[in-house]
Amino acid sequence: MNDYHGSAAGPSSGSGDGSAPRRNSKRPKYSKFTQQELPACKPILTPRWVISVLTLVGVVFVPIGVASLMASNNVVEIVDRYDAKCIPGNMSSDKVGYIQDDTIDKSCIRTLTVPKDMDQPIYVYYQLDNFYQNHRRYVKSRNDAQLRDSEQADKTSGCDPEKNARDGSPIVPCGLIAWSLFNDTYSFALSGKILTVNKKDISWKSDRDHKFGKDVFPRNFQNGTLKGGATLNPNIPLSDQEDLIVWMRTAALPTFRKLYGRIEQDLKANDTITVTLKNNYNTYSFNGKKKLVLSTSSWLGGKNDFIGIAYLTVGGLCFFLATAFTVVYLVKPRKLGDPSYLSWNRNPSGH
Amino acid sequence: MNGKGWDRVRTARLGGDGAAAGTTGIGSRRTGSVQLRQMSSQTVRLGRVQPQAPSHRTIYCNDRDANLMARFKVNSVSTTKYNVLTFLPKGLFEQFRRVANLYFLMISILSTTPISPVSPITNVIPLSLVLLVSLIKEAFEDWKRFQNDIAINSTPVDVLQGQNWETVPWRKLQVGDVVRIKQDGFFPADLLFLASTNPDGVCYIETSNLDGETNLKIRKALERTWDFLLPDKAAEFKGEIQCEQPNNSLYTFTGNLIIESQTLPLSPNQILLRGCSLRNTEYMVGAVVFTGHETKVMMNSMSVPSKRSTLERKLDKLILALFCGLFLMCLIGAIGSGVFIDRKYYYLGLFGNVEDQFNPSNRFVVTILTMFTLITLYSTIIPISLYVSIEMIKFIQCAQFINKDLHMYHVESDTPALARTSNLNEELGQVEYIFSDKTGTLTRNLMEFFKCSIGGEAYGTGITEIEKGQAERLGKKLDEVKRSDTAIHDKGFNFDDARIMRGAWRNERDPEICKEFFRCLAVCHTVLPEGDESPEKITYQAASPDESALVNAAKHFGFFFFRRTPTSVMVRESHVEKMGNIQDVSYDILNVLEFNSTRKRQSVVCRYPNGRLVLYCKGADTVIYERLGDTNQDIKRLTREHLEQFGSAGLRTLCLAYKELSMDVYEKWNEKFIQAKSSLRDREKKLDEVAEMIENDLILIGCTAIEDKLQEGVPACIETLSRAGIKIWVLTGDKMETAINIAYACNLINNDMKQFIITSETDAIREAEDKGDPVEIARVIKESVNHDLKRCLEEAQQYLHIAAQSLALVIDGKCLMYALDPNLRVNLLKLSLSCTSVVCCRVSPLQKAQVTSLVKKGARKITLSIGDGANDVSMIQAAHVGVGISGLEGMQAVMASDFAIAQFRFLTDLLLVHGRWSYTRLCKVITYFFYKNLTFTLTQFWFTFQTGFSGQRFYDDWFQSLYNVIFTALPVIILGLFDKDVSASLAKKYPELYKEGIKNVFFRWGVVAVWAFFAFYQSLIFFYFTTAASRNGHNSSGKIFGLWDVSTMAFTCVVVTVNLRLLMACNSITRWHSLSISGSILAWFVFIFIYSGVMTPHDRQENVFFVIYVLMSTFFFYLTLLLVPIVALLGDFLYLGVQRWFFPHNYQIVQEIHRDEVEGISRTEFLEIGNHLTPDEARSYAISQLPRETSKHTGFAFDSPGYESFFASQAGVLAPQKSWDVARRASMRTSKKTSPK
């Protein structure tokens, strides 16, 4: 007996706890965690809650929607599709032949009328269609290290098939993205007076400062058998080639806009702008549209009704549902926690 | 020191596979033992070919050098699965046997090829994290096993070295060593018993670790070795043991001991097995025969067939469906890519040598390769972290919630609940059928001596609950007899009657017959006394608690049995000669005529000190009455009446009788007895016949009545469970009457039920049995069973259709044997499924398992078996969930079980609270996982349409790889741990809520479809809203977003929405919920701030550089972040609101009823009572449910299985292999087949 007691005390002294002889009991210690009694809030989605939440969403969404829609409506946007119209009538059956013929002058003149007053800055965009900048083969065909660092100019991994010039020296910037750089140009005139287009600061600053090196210069660019798009001035560092920087921030969808420049001058309603454009870029192969867009901007950005409409629709829907539910609630209320709703009370046989 | 050793070993056996560590460890040991078995069988086979291979081993005792040659195994055991070297390869191999892991390994390999749109990290990181967590868990569990092994292996033992006992750890023990084991010590290896401090070279052992039996067994050493006790003598012992090779048969041993060229045969009677402990013996000396893994217990180590929950199997189907979805998505994308690819997109550079994947001249190859591309891209649709999350959730549920639940802690036995496997938690929430053992599970196996009848006079003033109930129903008010101060309520004794207590029997009408009564109680038994020889401290070891209750009663009557030698019994008798006189009397026990189920009685021939020869007999009333002499018809009649009274009061009765023997009659008979005992063929039958010859012309003394106490809270628990839609079947080895009685008391059967009884106790069958032709018997029984089944089935259908009455079926083992026949099985199943309660009595352990699997496989219902003894093992293993009753003696059932609880009533908590919660939580976790991965992958899928089906990824590699493991990992685990639709007390108050689990309401295809629908809807919102909103210039700067800006925006919306959706799925929101959800969203922002803020020198595509800062500088970001999640969640919100409003689930109503209640459970409530009914309430409830008519049965005691073997081992007779042992083997074999893993 004594023997047993001695040994029973053994483990407890060994465990270093030494609190009480009850230590030997296997009784679990109480804690809110192990007994699953953590304090909790137990929300119940009552009809009242449903209606209140819906109303609240409506109350918040409708004003936001109105504000967004107003912002969007204040934006004046001129969109001009020119891909088809800039083809001379005789070439309209062979658009690809036209665009690939370097001997033909690609100049084209478009006239745009300003529908409303446009406050500066007026942004100039080009919009392409059916252009899969997000194609897997396209997206990965670049080398960021090469763009950033002049030391790593020969790093062209991933740039297939625009990797090396014919002599094997690396192309800077390499890859399909740079190779297919957009090369239509636009110049604007308002009643014969040239509107200057500011092409500075059209790319995100982080791209200019960090992704494109100040000492990286184009090399061997567009020297290949096929010319994809624009050429680059080999004397300007990449960080200053803003068109390239904008182009290389690949778009999410096959229809996309890219910023071309800014007109820093107010336009009046009914002003007529003459656009002289060089229609160089081949979208005819794949039936892509080309559009020129002039747009002002609001606090929200360019003309985009989507957010405003979405907010308004959802807010309105919520109001509608809230009202509908309220009617249902008033006509046929359900008593909360009515035991007669329990299935075994509804159907005594239990099946 | 002994105590310490005992403690350790016990923890080793108990906790060795503690908590969730269980399955795997046991699994490995199973394979181990299987291998060993194969090896041994191989050696046998080889032995035939090569005669030199030894078929036996030769051990030189006490001679380590001589044994060196044989290279026996060392005594250290290892139950670990891995060692340092094998851990990685073996552990990884185990992991990759899971399909999900293998799939991701393949995807990872695929993603290193140029085909893949994603970099390998996308898949490697989640996979390695998952593997890491799993391996850490494995290592942790193995480490615990290792620690356990070390503890066992370093238990000290005394070994003879030279002339002294030296203490060495167990692991240093070698075959042939001579060891000394002290009282209560465990045997470190299989030993040959040489000598003990007891006279006659016997020792007592307890084998509860082996077979769960707590009665002591006697082992006897060969006479030749009795002297080798003291170290100087033992040192002289130089024997040679030739014995069989190690094997796993616990009950056999063949071998010879050769001492000084004298060959002595050895039998199991001289073998002490590892795992047993020494009792009632100061110390013993033995020689080591088998060590370590070669010991019989290790070779026999039991396996738990690894079970998978039904929910997990359903989950497999869901995963399969996801695979199909994946395939479909890939197919659509792949065909699209084949159609799309064209040289006209000159900017894609598709001229010259183009890699196959984009080569427009071979569109078929493009399609095939894109298929692989898309598989890697959409791999996130398979939730890789699902399995590991579920595992973690279940592990914590087991280790922290089930094991530590104070509601399931039993104070009296100091036993908390124990979840031995962690993969069946949610199965507990879907159980529809419970198979319960009776003895020890429903009843306490605590027999209390309650009443008796001596010489036609009934004694005992107690009133049983059944009597109270009967009285209450009749409207009578029973005068509660006030207990006198003399009343004693001891363990096993609840009797009070001043007429015979404290020697008052001397004043009764016939004191002589009282004396015979008490002597019969004190002498005619096979109980072993243990402990101090004083009435207060002594404890009795008996095979059946009835026996010890009777001996205990004799003690209280003044006939204190205190010592047993192999030939005699010592009784301290009071008040015999005159009041207050105490004397020790020694009765020589000449013969013991054993109990068995055919004899239903037991007799002892004893000789008084004065030479008087008496045969005392006790047994069932039927058998005793047949053997009574013709005298004293009055006593017979009165006793018969008392028997019926006691029986109807729910008491277990035994008749007591005696017979005076003359010397010559006895001598003649004894010769025959010895002959029969030594006969080699049909020994038992012959013994029975001989016994029959002397057990006649008995004189009836009286009868005893013992109360079989129900476990606390059983009727209430059963009532709760049946309200929960669970059907409870009682499978018991007891007699039909006893079983029915208990079923009534437990509220399983009541008089409103239509009872069907199928029994073999019919005249036709008895007649056939008397003829003794086994073929004929079988035919008759089969026919009658067939007939009965058909009749019952017809009636049952009528009752169900017309009266809507609940039905009960009672069937006995013999009929069950035939009913389980493949031809009749269908009818049996149909009948039993339409019954609310089923009672199977007189069933063997194997039949218990058969009935369980009948329902499990035949009806495809989820079954649970609960039992406490070795005879329940097969049933426990056969059911979906096995529950063992722990805290009592015997580990067998617990070792085989998946969950161990101390009391039957804890099933309420285990099923209704833990099971239900686990089920609802896991359903939520699984469906949520499904939803979040589907949503995420579908956004990716929509993007594919916009990229010319090129398989361009929408998200950055790291976004995709961390989505599952960081940004959405924790909250769902928290949900899986803490979500609580209704509190524990409400879950028990409304047991009907459990039915939702039985019907699997929360994980139906419908539920999955709803989630899938909203995943579809949300993904559309995510993709099209963000892209549509981001089309034009932003801010007043007019700059345009690129692909990565849009995708980061979309990803932010996904992370926010998916986390908020989880919040909507919560029923209760604790601090942990809010912390983890806000933490996850925060983690994403912190990650993206850092990730997009830095440029690394490594070759990394700087896609997302500065993206988040650019985004956050625009109003677009904030407007979208408000719009998209709200629009996405609006659908779910409306669904939840409408569902709750118009089609509420039951639990939701309950939530509403109790919405204002604070769940304030004070700690005091936990103190003692875990049941919501007080014991008194439970009792009165049980009483009110008792049968209304009085039955005329007299349930007789001593009816527990395991009783027969007790005598067998007492007498040193080789015990036959027990049926449950066979059943267990059978189940092990089938388990091997069915689970080849």
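All chains are named by letter (A, B, ...) in the order of the sequence lines, taking the proteins before the strands, and each is independently numbered beginning at 1.
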Using non-hydrogen atoms only, which part of B:Phe1023 is less than 4.5 Å away from chain A: side chain, backbone, both, or neither? side chain
Nearest heavy-atom contact between A:Phe325 and B:Leu1134 is CE1-CD2, 3.7 Å
Distance, nearest 0.5 Å, that separates NZ of A:Lys335 from CD1 of B:Ile1153: 8.5 Å
Show, in sequence, the C-alpha distance, side-chain angles and deciding distance for A:Tyr311 and B:Leu1122, and conclude whether the side-chain contact (heavy atoms from CB on, under 4.5 Å) test is met. CA-CA 10 Å; A:Tyr311 265 103; B:Leu1122 180 67; 3.3 Å; yes
Between B:Gln946 and A:Asn134, does a side-chain contact (heavy atoms from CB on, under 4.5 Å) hold up when you go through it step by step? CA-CA 8 Å; B:Gln946 304 293 337; A:Asn134 57 13; 4.3 Å; yes
For B:Thr947 versus A:His135, what's the shortest heavy-atom pair and its separation? O-CD2, 3.5 Å
Chain B heavy atoms under 4.5 Å from A:Tyr123: which part of the residue, side chain, backbone, both or neither? side chain
Would you call A:Asp201 and B:Lys1039 a salt bridge, using N to O less than 4.0 angstrom? yes
Heavy-atom pairs under 4.5 Å with chain B: which of A:Ile64, A:Leu54, A:Thr283, A:Thr46 has the most? A:Leu54
So for B:Val1138, is it side chain, backbone, both, or neither that comes closer than 4.5 Å to the heavy atoms of chain A? side chain
Given a strict heavy-atom distance threshold of 4.5 Å, which part of B:Ile1021 is in contact with chain A: side chain, backbone, both, or neither? neither
Less than 3.5 Å apart, any donor N or O on the side chain of B:Asn1146 or A:Ser343 sitting next to an acceptor on the other? yes
Heavy-atom contact with chain B under 4.5 Å, split by part of A:Thr34: both
If you count heavy-atom pairs under 4.5 Å with chain B, which of A:Val57, A:Leu176, A:Val50 comes out on top? A:Leu176
Take A:Ser206 and B:Val1107, measure what side-chain contact (heavy atoms from CB on, under 4.5 Å) needs, and give me the verdict at the end. CA-CA 9 Å; A:Ser206 56; B:Val1107 158; over 6 Å; no
Interchain contact, A:Phe286 with chain B, by part (heavy-atom threshold 4.5 Å): both
Region of A:Phe61 that comes under 4.5 Å of a non-hydrogen atom in chain B: side chain
Using 0.5 Å steps for rounding, measure from the OH atom of A:Tyr341 to the CZ atom of B:Phe1143. 11.0 Å
Counting only heavy atoms closer than 4.5 Å, note whether B:Phe401 contacts chain A via side chain, backbone, both or neither. both
Part of A:Ile177 within contact of chain B (heavy atom distance under 4.5 Å): neither
For B:Phe1133, which atoms come within 4.5 Å of any heavy atom of chain A: side chain, backbone, both, or neither? both
At a 4.5 Å cut-off on heavy atoms, which part of A:Asp338 comes close to chain B: side chain, backbone, both, or neither? backbone
Is the shortest distance from a Lys or Arg side-chain nitrogen in B:Glu1152 or A:Arg334 to a carboxylate oxygen in the other one below 4.0 Å? yes
Backbone of B:Ile1069 reached by a side-chain donor or acceptor of A:Lys42 within 3.5 Å: no
For chain A, find which of B:His1145, B:His410, B:Arg1140 contributes the most heavy-atom pairs closer than 4.5 angstrom. B:Arg1140
CH2 of A:Trp299: more than 12 outside heavy atoms within 6.0 angstrom? yes
Under 4.5 Å from any heavy atom of chain A - which part of B:Leu993: both
Choice from B:Asp981, B:Val354, B:Val1127, B:Val1110 maximising heavy atom contacts with chain A below 4.5 Å: B:Val1110
Could you look at A:Ala251 and say if it's the side chain, the backbone, both or neither that has a heavy atom under 4.5 Å from chain B? backbone
Look only at the side chain of A:Tyr125 and the backbone of B:Gly1038, and say whether a donor-acceptor pair between them is shorter than 3.5 Å. yes
Let's go through B:Asp1045 and A:Arg249 carefully: what are the C-alpha distance in whole Å and the side-chain angles of both, what is the deciding distance for salt bridge (charged side-chain N to carboxylate O under 4.0 Å, His left out) to 0.1 Å, and is it a yes or a no? CA-CA 9 Å; B:Asp1045 306 279; A:Arg249 200 173 182 100; 2.5 Å; yes
Please identify each residue that fulfils side-chain hydrogen bond (donor to acceptor under 3.5 Å, both in side chains) with B:Glu355, with sequence neighbours left out. A:Arg137
Examine whether an atom of A:Ser68 lies under 4.5 Å from a heavy atom of chain B, and if so say whether it belongs to the side chain, the backbone or both; otherwise answer neither. side chain
Counting only N and O atoms by type, is there a donor-acceptor contact under 3.5 Å from the side chain of A:Gln35 to the main-chain atoms of B:Lys404? yes
Of B:Tyr346, B:Tyr345, B:Tyr347, which meets ring-ring contact (aromatic ring centres under 6.0 Å, His included) against A:Tyr138? B:Tyr347
Under 4.5 Å, counting heavy-atom pairs only, tell me which of A:Ser297, A:Gly302, A:Cys41 racks up the most with chain B. A:Cys41
Out of B:Gly725, B:Ser1030, B:Ser1037, B:Cys1066, return the one with the most heavy atom pairs under 4.5 angstrom to chain A. B:Ser1037
Heavy-atom distance under 4.5 Å to chain A: side chain of B:Thr373, backbone, both or neither? side chain
Could you go through the side-chain contact (heavy atoms from CB on, under 4.5 Å) check for B:Phe1025 and A:Ile307 one step at a time? CA-CA 8 Å; B:Phe1025 270 48; A:Ile307 286 186; over 6 Å; no
Whether B:Ser950 side chain and A:Arg136 backbone form a donor-acceptor pair below 3.5 Å: yes
Nearest heavy-atom approach of A:Val314 to B:Leu1130 is CG1-CD2, 4.2 Å
Most chain B-contacting option - heavy-atom pairs closer than 4.5 Å, from A:His210, A:Lys258, A:Gln127: A:His210
For chain A, the option from B:Arg723, B:His1073, B:Gln357, B:Gln1151 that forms the most heavy-atom pairs under 4.5 Å: B:Gln357
Rounding to 0.5 Å, atoms CZ (B:Phe1105) and CH2 (A:Trp204) come to a distance of 14.0 Å
Honestly, the part of B:Gln1148 sitting under 4.5 Å from a heavy atom of chain A is neither
Could you check if a side-chain atom of B:Gln952 sits within less than 4.5 angstrom of a side-chain atom of A:Val139, using non-hydrogen atoms only? yes
Minimum heavy-atom distance A:Pro28-B:Asn403, with the two atoms named: CG-O, 3.9 Å
Atom CG of A:Asn304 and atom CZ of B:Arg1031: how far apart are they, to the nearest 0.5 Å? 8.0 Å
Working to the nearest 0.5 angstrom, can you tell me the gap between A:Leu253 CG and B:Tyr1024 OH? 9.0 Å
Contact class of B:Ile402 relative to chain A, heavy atoms under 4.5 angstrom: neither
Identify the heavy atoms of B:Phe340 and A:Tyr132 that sit nearest to each other, and give their distance. CE1-CE1, 3.4 Å
Choice from B:Leu1119, B:Leu350, B:Asn1067, B:Thr1070 maximising heavy atom contacts with chain A below 4.5 Å: B:Leu1119
Residue among B:Ser1113, B:Ser1074, B:Gly1137, B:Ala1028 with most heavy-atom pairs under 4.5 Å to chain A: B:Ala1028
